[in-house]
Amino acid sequence: MSLNQIYTQIITENSRSKEHKHDIDNPNIVHDGVNPSCGDEITLELRVKDGRIEDASFVGDGCAISQASASMMIDLIKGRSVEEARHLADIFIGMIKGTVTDPEQLDELEDSQAFENIRHMPARVKCAVLGWHTLDEALKEKEEQKKN
Amino acid sequence: MTDEEIKAEFPIFEKRSGKPFHYLDSAATSQRPADVIEAVSQFYYEKNANPHRGVYELAEQATESYENARQVIAQFINADPTQVIYTRNATEGLNLVAYSYGLTHIQKGDHIVISILEHHSNLIPWQRVARAKGAVLDYMYTENGSGKITDEEIEKRIVPGVKLVAITQVSNVLGIVTPYEKIIARAHEVGAVVVVDAAQSAPHLSIDVQTLGADFLAFSGHKLFSPLGIGILWGRKDLLEEMPPFLSGGDMIDSVSEQDAVWAPLPEKFEAGTQNAGGAVGLAAAIHWMNKIGMDTIEEREAAVYDYAWEKLHSLPHVTVYGTGEGKHVGAIAFNIDDAHPHDVASILDADGVCVRAGHHCAQPLMGHLGIHNCCRASISVYNTKEDIDALCDSILKVRKWLGYES
């Protein structure tokens, strides 16, 4: 596994970007995600209205891969419906696991396809999926609250 | 012995000789010398049976191997073999003390004192004992996060009412040797029992339980050139004798009736179930190997590389090394690189064949005390050389560029 397949310009630039790293106004979903292997924690904040993600952000600390992945995820899901966001999370997590390989499906991830090579670095997989797992759990929890 | 001669003792260096390999993670687990691997193989090839069970010749040989290993280990720490209990690792030894001694002796309102330097394995068991019994868990902190526990701190925290003190001899993060002798003496002054975590010290420093004066001491074999899954708990005889068993089952009894059981004498009382005899044989072989090299040689070689690493890491731009340089250090050195997360650092170093640990090192309260979330840790063993440290430092200088910083 060569480093230049992982620490690409798009990933390192996004890892340093503060564009989506802040609190948002009136979030109605706030969910913590933890990577137990390093203790890194992010908090995802979403404002969902009528099934659409109006605004989203994250706060927390983490490695370049987790930070870039979370930031690029927010780029992708902001303005989308909850169903679309969950669908994208499935594709992203599938890409990292190696179960989703169809180029057309991967294209839906836009820039986040840059993380495809992480699956060759098993120790860093958890970093790449931290944001997406947190999103998935946050939306699931919201759904269950609705049911109850 | 030359660097090459020491490295030649460890087959892994030969196996990985085609590409750069700088193993600086011995505080996590050491490499194993050929002597150990061969001794374990020989046990399984020639003497494998369940110790303490069969009456046939092979079973007796297995028992003999297992018990001879105990003698060797006992001698290594200057102990009576009946007080040398096989465990899986230091964690199991410390849990044994927490459950068997802690839960039966610690009462509501008692104080337990540990240091902020502790590994989770000498911390969480005491949290659990304190919670279960309504006791109070107090910490000895280090002076301004330097890693140094001062005399004043020892006297302030270890006071009458403290019933148990648990202390590591060496920080698994900072490599600093704690003032364990003073801590033991102070604990005994106030009538507290002392549990020593020797996981990080046993590979580097000679241990003599007679002069140390602790009441319990635990270490892992795998940090000491042995196979994974074997460790030792040593304890004071009178305490071990009156403690209830930790695990119960086969081989830890004298007799069992439908409603009752009589425990076996020490050390079998604490060795329920089929034991890791291959591991025991491996640990004894590791001790023979250390004696062959000489504890003085090990200490000297490691100190030279440690001091070199300490100086060189301090001289690098954008690198912060944690802890004071004052006092004796062995094994670990903790550092961070500006703007770089330890996981990224470890991945980038790995591309140059440099193996370091990154994360919280199972010492999250210490991370908080140091004001960080995590860090990188390079750790040094007898087979490390200045070339390993040069490779580490060269690789560190590349990290920020990989992450998109100009310098």
Side-chain angles (χ1 to χ4, degrees), chain A residues 1-19 21 32-43 58-72 96 111 114-134, chain B residues 19-20 25 28 119-120 123-124 172-173 318 334-377 391 394-407:
Chain A
M1 180 78 258
S2 160
L3 285 181
N4 49 32
Q5 287 175 275
I6 300 295
Y7 294 101
T8 57
Q9 195 178 359
I10 189 157
I11 290 180
T12 59
E13 271 174 12
N14 275 284
S15 75
R16 283 172 289 142
S17 163
K18 301 276 181 254
E19 193 189 342
K21 200 172 170 180
D32 293 331
V34 183
N35 180 351
S37 73
C38 57
D40 284 346
E41 247 183 70
I42 66 161
T43 303
F58 75 103
V59 289
D61 285 302
C63 64
I65 291 167
S66 73
Q67 300 295 288
S69 179
S71 184
M72 289 157 77
I96 301 289
D111 284 351
F115 293 96
E116 197 183 353
N117 287 318
I118 290 285
R119 72 189 158 96
H120 302 300
M121 247 177 160
R124 305 304 302 281
V125 160
K126 281 181 184 157
C127 313
V129 298
L130 178 61
W132 288 97
H133 262 310
T134 312
Chain B
K19 49 186 176 177
D25 198 20
H119 185 283
H120 292 167
L123 189 157
I124 302 170
N172 72 307
V173 177
H318 299 296
F335 64 94
N336 266 325
I337 301 176
D338 291 346
D339 308 308
H341 188 280
H343 268 190
D344 295 313
V345 176
S347 287
I348 293 168
L349 266 50
D350 182 43
D352 288 328
V354 176
C355 310
V356 298
R357 174 95 183 262
H360 52 62
H361 313 288
C362 302
Q364 282 187 317
L366 174 61
M367 295 295 111
H369 178 63
L370 296 175
I372 53 180
H373 291 293
N374 40 40
C375 60
C376 304
R377 178 186 73 183
D394 289 348
S395 199
I396 284 174
L397 292 174
K398 299 180 191 168
V399 167
R400 284 173 52 87
K401 286 187 183 152
W402 273 114
L403 296 177
Y405 296 92
E406 282 182 8
S407 64

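First the proteins, then the strands, lettered A, B, ... as listed; each starts at 1.
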### Query
Who wins among B/Ser347, B/Pro342, B/Gly359 for the most heavy-atom pairs under 4.5 Å with chain A?
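When all of B/Ser347, B/Pro342, B/Gly359 are compared, B/Ser347 has the most.
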
### Query
What's the spacing between A/Lys126 NZ and B/His343 NE2 if we round to 0.5 Å?
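Between A/Lys126 NZ and B/His343 NE2, I get 9.5 Å after rounding to 0.5 Å.
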
### Message
Would the distance check show the side chain of A/Arg16 and the main-chain N or O of B/Asp339 forming a donor-acceptor pair, the cut-off being under 3.5 Å?
### Response
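No.
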
### Query
Looking only at atom types and distance, does a side-chain atom of B/Asp344 sit under 3.5 Å from a main-chain N or O of A/Cys63, one as donor and one as acceptor?
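Absent.
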
### Message
Just to verify, what does A/Ala70 make a side chain to side chain contact (heavy atoms under 4.5 Å, CB included) with, not counting sequence neighbours?
### Response
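Residues passing side chain to side chain contact (heavy atoms under 4.5 Å, CB included) with A/Ala70: A/Ile42, A/Phe58.
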
### Query
Considering residues at least two apart in sequence or located in another chain, which fulfil the side chain to side chain contact (heavy atoms under 4.5 Å, CB included) criterion with B/Lys398?
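Scan of B/Lys398 (side chain to side chain contact (heavy atoms under 4.5 Å, CB included), adjacent residues dropped) gives B/Asp352, B/Trp402.
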
### Message
Sort by residue number and list every residue of residues 127-134 of chain A having at least one heavy atom under 4.5 Å from chain B.
### Response
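Under the 4.5 Å heavy-atom cut-off, A/Cys127 qualify.
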
### Query
Heavy-atom count around B/His373 NE2 within 6.0 Å, excluding the residue itself: above 12?
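Not buried by this count: 12 neighbours or fewer within 6.0 Å.
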
### Query
Partners of B/Asp25 by salt bridge (charged side-chain N to carboxylate O under 4.0 Å, His left out), sequence neighbours excluded?
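Once residues adjacent in sequence are excluded, the partners of B/Asp25 under the salt bridge (charged side-chain N to carboxylate O under 4.0 Å, His left out) criterion are B/Arg377.
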
### Query
Of all heavy-atom pairs between A/Ala64 and B/Leu403, which one has the smallest distance, and what is that distance?
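That closest heavy-atom pairing would be CB-CD2, 4.0 Å.
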
### Task
Heavy-atom distances under 4.5 Å only: say whether A/Asp40 touches chain B with side chain, backbone, both or neither.
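A/Asp40 touches chain B through side-chain heavy atoms alone.
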
